[in-house]
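Let me begin by presenting the structure, written as structure tokens, before commenting on it.
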There are 4 protein chains.
Amino acid sequence: MEEKVAKREREGAILRAAKKIFAEQGYHEASIDDIIKEADIARGTFYLYYSGKRTIFAAILNLTLEEVNRNIAAISLDSGAPSPVDQVKANVRRVFNLLIADRHIADILFVRALGIDAEAMETLNAFYKKTADLLARALTQGMTIGLLNKCDPQIAAYSIIGSVKEVFLQVILAGEPSPQKIDAVIDEIIRVNLYGFYTRGGLI
Amino acid sequence: MEEKVAKREREGAILRAAKKIFAEQGYHEASIDDIIKEADIARGTFYLYYSGKRTIFAAILNLTLEEVNRNIAAISLDSGAPSPVDQVKANVRRVFNLLIADRHIADILFVRALGIDAEAMETLNAFYKKTADLLARALTQGMTIGLLNKCDPQIAAYSIIGSVKEVFLQVILAGEPSPQKIDAVIDEIIRVNLYGFYTRGGLI
Amino acid sequence: MEEKVAKREREGAILRAAKKIFAEQGYHEASIDDIIKEADIARGTFYLYYSGKRTIFAAILNLTLEEVNRNIAAISLDSGAPSPVDQVKANVRRVFNLLIADRHIADILFVRALGIDAEAMETLNAFYKKTADLLARALTQGMTIGLLNKCDPQIAAYSIIGSVKEVFLQVILAGEPSPQKIDAVIDEIIRVNLYGFYTRGGLI
Amino acid sequence: MEEKVAKREREGAILRAAKKIFAEQGYHEASIDDIIKEADIARGTFYLYYSGKRTIFAAILNLTLEEVNRNIAAISLDSGAPSPVDQVKANVRRVFNLLIADRHIADILFVRALGIDAEAMETLNAFYKKTADLLARALTQGMTIGLLNKCDPQIAAYSIIGSVKEVFLQVILAGEPSPQKIDAVIDEIIRVNLYGFYTRGGLI
DNA sequence: TATGAATGAGAATTCATTCAT
DNA sequence: TATGAATGAATTCTCATTCAT
């Protein structure tokens, strides 16, 4: 039993080391050498726990996406629940704070996982699709109860995701933001998406 | 004179071959070997025109961004000009059609150029920043004349860019869309961004 | 402990293989391929021990010069020591025998190390300068005690070195000499340098 | 006829350019590119006059050796001739001045021609052998008439050549010497070789 | 389990030489 | 004769992975 624990710990240690290295250097620049040095293990030991470079990166990517996932809650329309907008805001804030707290996650999701190969692309797209589906369902509900304007929920969902991703990325690239800044940014994204740019009574 | 033309043609042919290869395989997967086979030239000939893999990719990225750039016009508020919204729509439609027409451009911009190295990242970010600045200026003008709601123009600009990028990407990944589909998608993005999701008279 | 020994052995084996190859083919003609075939190791193994072609050649050159160096003793004027002439003879004989015993050393020093690059040139010149300085000091002492004629010790030292080098080279190029032949040659060089060509009572 | 002259001129110009490049960079470092740029001709033109890199280097080496050769006169024992020692001195002085005047010659003979390949080695050795034979003959004559001590003329000849070569090389490496310096060095080499190091009446 | 020496396929790049114009 | 674009064999070096201890 203890051995199992020890084993799992080592596995985790290697994973953390790899995550750090991949986040700092990117997939192709990072070498197994960098990872084993960071994890302070021997070359062969690495292959005892992970079958290769591609494999450990996939594990990291999946774990990272799961962590993000755990911070996204479906919108509840229960009478006791907070307003949908507040629920969306809370989701966005949790994910943003996660990315800020662990810069490696942001690096891997927004920079390092891109352009590696078809499989990584697939994993990422599947995640975004799942998130988009969640959002699209919420949008559809909103439309049904007349809270939201009519729109194509799929397109709208991806539009929102893109909007949030790009702003997050820019804020993160700009450096560590203060909690106030984060709140302000989130409010702004939400407002822009909810109300759009046109003044009410706009003509179009 | 003719020689110069022939030389430039060959340079172009190599560039096109490389563009295709990079789009299909990504930067790291692609080898000089793949490129020269596609271009049907000898190994040494490649180095006669480009000093290396990184160099030709940079050339492709820059040319691609320039081509996108040429399809984005600043919004004019002249009395004779189309409505700002129509101008924005026209911009989006031109870029979208460009990406559809040359699938390689889309692949390189949205997938292959990402995560290569700091320099490519820099180039891309500079492009998006320039585009965002253009947008932010237009948004500020719109706010000044009371056409648009008050917002943080920087954040709003990146929000729009992210929204458009993500939707484009998904549409392109889904396969070749019909012109009608394209128009519908563009209308949808524009509408969502202009009016937001909330029904007028929304409470929030 | 044993591993260290094994590792050092392999390092030595690679060095010997490279020495042979360089001696036979010269620096530029030799390829890493030739060396690894001779050493019967894989390509990567070579780079595990030496960082490149230039590096291993430098190692060989330095080791070779050190070996020659170890066979050259400073001339002692102690009362119990052999006559200076005998000491010089002993030095020359040791170095000559070293070159005869390991033909590769002679090839590398007299042929292969020449004209490679500025660094190799520098290394060789430094060695000859050191040897010349040793000789010049001995010559100066000889002049001081009236044993030797007055001369410019620097020029005389290089003259002796050149004389010995050239005769060694020719003897080695001519094929393996017998011990008698070696002794005769050494006697001849020493005599020529000590007494010169002119008959005593020469006029000049 | 004129064409032939023009052709020969161009051939000479290419040769001079190559000589400069080889002297400055060495055989392997020098590229055909360097040579044609120095000669200001096109790539193909080079091959019109010389069949390759190796060929033009051989031509340069041979011409250089011929030039040195022209400055070495056989020792005459005619009654009207200067003393043999003066004739030897004159030979040495002419060659030395040639090397000083055209630094490229010295570089090629003493540094750049070494270690290239068996053929260049052969050419050089043939030259030194010829010179040694000349010297050996003179030494034999000197011994016959009782002017010189008994010695092995072959060994003695190479000893002298080595002595002169090494001192020349060191003087040239040290930088441009004044005519006085040159004379002093030549006197010193001659004296050392003629009289040796031992004081007369030395015991050995 | 742990180690780390060994492996070798693969990649980028160079440059002497050729040849069509 | 002159040109210079094109060629491709050859070479060095890297690094993910294996395997004997």
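Only a predicted model underlies this, so the values are computations on that prediction, with no experimental measurement involved. Letters A, B, ... mirror the listed sequences (proteins, then strands); counts begin at 1.
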Study note, to complete from the structure: Under a 3.5 Å limit on both distances, the Watson-Crick or wobble mate of dG8(E) is dC15(F)

Review point. What's the closest nucleotide to the Ile41(D) side chain, out of dT17(E), dT3(F), dT12(F)?
Key: dT3(F)

Check your understanding: Taking OP1 and OP2 of dA6(F), is either one under 4.0 Å from a side-chain nitrogen or oxygen of Tyr47(B)?
Key -> no

Practice item. Please evaluate the base of dT18(E) for a donor-acceptor partner in the side chain of Arg43(D) within a cut-off of under 3.5 Å? Key: no

Review point. Does some side-chain heavy atom of His104(B) sit less than 4.5 Å from a side-chain heavy atom of Arg16(B)?
Key: no

Check your understanding: Under 4.0 Å between a side-chain N/O of Lys53(A) and OP1 or OP2 of dC15(F), yes or no?
Key -> no

Check your understanding: Atom NE2 of His28(A) to atom P of dA16(F): distance rounded to whole Å?
Key -> 10 Å

Check your understanding: Roughly how many Å is it from CD1 in Ile14(D) to P in dT1(F), rounded to a whole number?
Key -> 11 Å

Practice item. Please name the residue in the list Asp102(C), Asp107(C), Thr64(C) that meets the side-chain hydrogen bond (donor to acceptor under 3.5 Å, both in side chains) test with Lys19(C). Key: Asp102(C)

**Study point:** Minimum-distance nucleotide to Arg10(B) side chain [options: dA16(E), dT12(F), dT7(F)]
**Key:** dT7(F)

**Study point:** Thr45(A), nearest nucleotide to its side chain (from dA6(F), dT3(E), dA6(E))
**Key:** dT3(E)

**Study point:** Whole-Å gap separating C1' (dC15(E)) and CD1 (Ile36(D))
**Key:** 11 Å

Check your understanding: From dG8(F), dA2(F), dC13(F), pick the nucleotide closest to the side chain of Ala42(B)?
Key -> dG8(F)

Exercise for review: Output the single nucleotide from dA12(E), dA2(F), dG4(F) whose closest atom is nearest the side chain of Leu48(D).
Suggested key: dA2(F)

**Study point:** Counterpart base for dT21(E), defined by Watson-Crick or G-U wobble contacts under 3.5 Å
**Key:** dA2(F)

Revision key, fill the gap. What one should report as the nearest heavy-atom pair of Gly52(B) and Tyr47(B) is CA-CE2, 4.0 Å

Review point. Between Ile172(A) and Ala106(A), which heavy-atom pair has the shortest distance, and what is it?
Key: CD1-CB, 3.8 Å

Practice item. Rounded off to whole Å, could you give me the CZ-to-P distance for the Phe46(C) and dC15(F) pair? Key: 17 Å

Exercise for review: Could you pull out the closest heavy-atom pair between Ala120(C) and Leu61(C), with the gap in Å?
Suggested key: O-CD2, 4.1 Å

Exercise for review: Check every strand shown and say whether Tyr50(D) touches a base, only sugar-phosphate, or nothing at a heavy-atom separation below 4.0 Å.
Suggested key: nothing

Review point. Just checking Gly44(A): base, sugar-phosphate only, or nothing, at a heavy-atom cut-off of under 4.0 Å?
Key: base

